[in-house]
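Counting from 1, the numbers follow the sequence of the chain as shown. Remember, it's 1-based here, ligands and their atoms both numbered in the order they're listed.
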Amino acid sequence: MQDGLTARFDELLARENERSFMVYRDFVYPEDLVGSDVAFLPSPLTRGLPPEGILSWFSFDISQGIGAEFSIFAGEHKQLPDSKTLANKLKRSVQELIVHDVQEGFQKRITRYGGLHISSVPLSLAVINFSHERDHSCLRAQLPSLRRLDDEAVDVHRYSFHVRFYRGADGTPRVVATRVILIDKVELLRGMPTCYSNLAEGALIHQGFFIDPEWLFGALPEEVAKQSLRQPEAFHPQGAALVESGETLVHTLYPVELLEIEVERPRDAEYGRFQISLSSAALRARQASQNWRLVAVACMLLLSLATGMVLLLRSVAVELEQARRTEDFVAAVTHELRTPIATIRLHGEMLRDGWVTTDNKRDEYHGRIVDETQRLEAMVERVLEKSRLSSSPPNPEPGDLNEVLRVLMSEEIAARDGVQLELAEGLGAVLMNRDGLRSIVTNLLENARKYGSREDGPREATLLCTCTRDGQPCLEVLDRGPGIPDRDKQRIFEAFFRRSDATTRGERGTGLGLHLVKIQAQAMDGDAQVLDRPGGGSIFRVTLRRADTAKS
Ligand code: ADP
């Protein structure tokens, strides 16, 4: 509120400070005519209505003393119905002001002015605009004598407007802004025609304007209050009953003091007092609602922070898990590679250096070298198979599942020993690819060989069978091993996942076998899962798709 009021008041003063000091007369000699002609335009102070807050402008030469001549400009106020009363009032006000300032003494008054501004003005412009001559014909007729001063200039000292509050003779409050214009004696003008000569002695001119107290202490605060106060703040204008503090917070403002207006009597500093009130209950309610808003915002912030953290941690955990698996894989592959390589090297060196003397031993060592080389080859194949499948999966084609399994089992599959084949009839044409099926069967039988029996359990053949489940053809491998706990039933199909369980820890592997089973099954538009086998052990089921139900 204070800032709004000060800003509006300063705006008014700044606008008036900008106004040329040469327009404080009825007719003005315009600057662009210097050196050519003498013509006069009506002053802007005599046209239109004065701006909001200004009653009238005036000007007088204080060096003339108490009876100094003065001019009043009130725009077109003169045309208003009560213009006569207004004109008289203004006249009285200016006369009072002259008397006051003369009595106070110029030396004292000048100390109150600030913002001195010195400008250099073409001499002919100043001479005409400060001439007391009202008869333009004299000014025109004597123009040639001014010509020789066309290139001369004069320094004009101008102070900024200073505002004071005082009471008229009848006690009426008055607010007036005045400034002083000082021009030193101009010797060059001595001997000039009389209508041009009055600046020869210099000038000490007071210019100013009356500010409407009703605007300054009434309309303006009201307008600013409307713009700056918010419910439940209430504005109590000048003259309204004083608000009691207690249950209400009251802020009392003194515009005269706030706007740094000079006063004659100290108690006039309180003139125009207005108040702003805010009931404590309303304040408390507002504070409570603000608190709630704050709490809600804080909660939302916390919530989004927590969600962000959870998402971040989750993604970090996933990344870490991925990194851990890749690390495990590299470690497993390295381990798997290192052992056969070391065996091959050891046996090769022993053969080369002649450590093996008998033919039997030599054959045995050759055999080991070949076996280890085959293991190495198989492992490299798995890694390549995974990478091939992810980059270019083959298209499945209709075929006879039972027939393919029969052929596979008659071939050299390392883990086929101890496997019983049970094939169901009526499977129909199955969507498949042979290399994929070979990989699935080899991996599942290999796992059944590695993990599919328990030391303490009965020795039982692994079952490789085909069947129909929910109308779709399946192949299943059933063993009597330790089974897979529920928590790992999904994860064992993830790449590089190996269970660290005691039953499986002793076996070598890469964690890629079941992953290959899954992605091979998916490449045939099927899927792979593990189930508990009644009586103990696991059922690895690969569900395929009948060719006649294939997606187009
Ligand atoms: P690898 O055999 O190279 O470790 P797999 O992907 O073939 O990798 O198997 C992943 C894990 O699943 C194995 O480490 C093992 O713990 C478990 N697993 C696989 N087959 C069986 C099974 N028939 N019985 C019990 N556990 C098994």
Region of [X] engaging ligand 1 - heavy atom pairs below 4.0 Å:
| X | value |
| --- | --- |
| Asp488 | neither |
| Glu446 | neither |
| Phe497 | backbone |

Geometric N/O contact [X] with ligand 1, under 3.5 angstrom:
| X | value |
| --- | --- |
| His515 | no |
| Gly483 | no |
| Arg382 | no |

Answer with yes or no whether [X] contacts ligand 1, where contact means a heavy atom under 4.0 Å from a ligand atom.
| X | result |
| --- | --- |
| Gly511 | yes |
| Phe540 | yes |
| Gly513 | yes |

- Message: Would you say the rings of Phe217 and Phe274 are close, in the sense that their centroids are separated by under 6.0 Å?
- Response: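 That pair fails the under 6.0 Å test.
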[X] and [Y]: side chain donor to acceptor below 3.5 Å:
| X | Y | result |
| --- | --- | --- |
| Thr543 | Gln472 | no |
| Glu262 | His162 | yes |
| Thr462 | Asp479 | no |
| Arg158 | Asn17 | no |
| Trp57 | Glu16 | yes |
| Ser277 | His236 | yes |

- Number the atoms of ligand 1 from 1 as they appear, then name those within less than 4.0 Å of a heavy atom of Ile484, with their elements.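 Those qualifying, in numeric order: 18 (N), 25 (C), 26 (N), 27 (C).
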- For ligand 1, which atoms, with element, lie under 4.0 Å from some heavy atom of Arg499?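 That gives atoms 14 (O), 16 (O) of ligand 1.
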- Task: Drop me the distance from Phe235's CZ to His251's NE2, to the nearest 0.5 angstrom.
- Result: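 With rounding to 0.5 Å, CZ (Phe235) is 12.5 Å from NE2 (His251).
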- Name the option, out of Val477, Val530, Ile492, that contains the heavy atom nearest to atom 12 (O) of ligand 1.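 Selected option, by shortest heavy-atom distance: Ile492.
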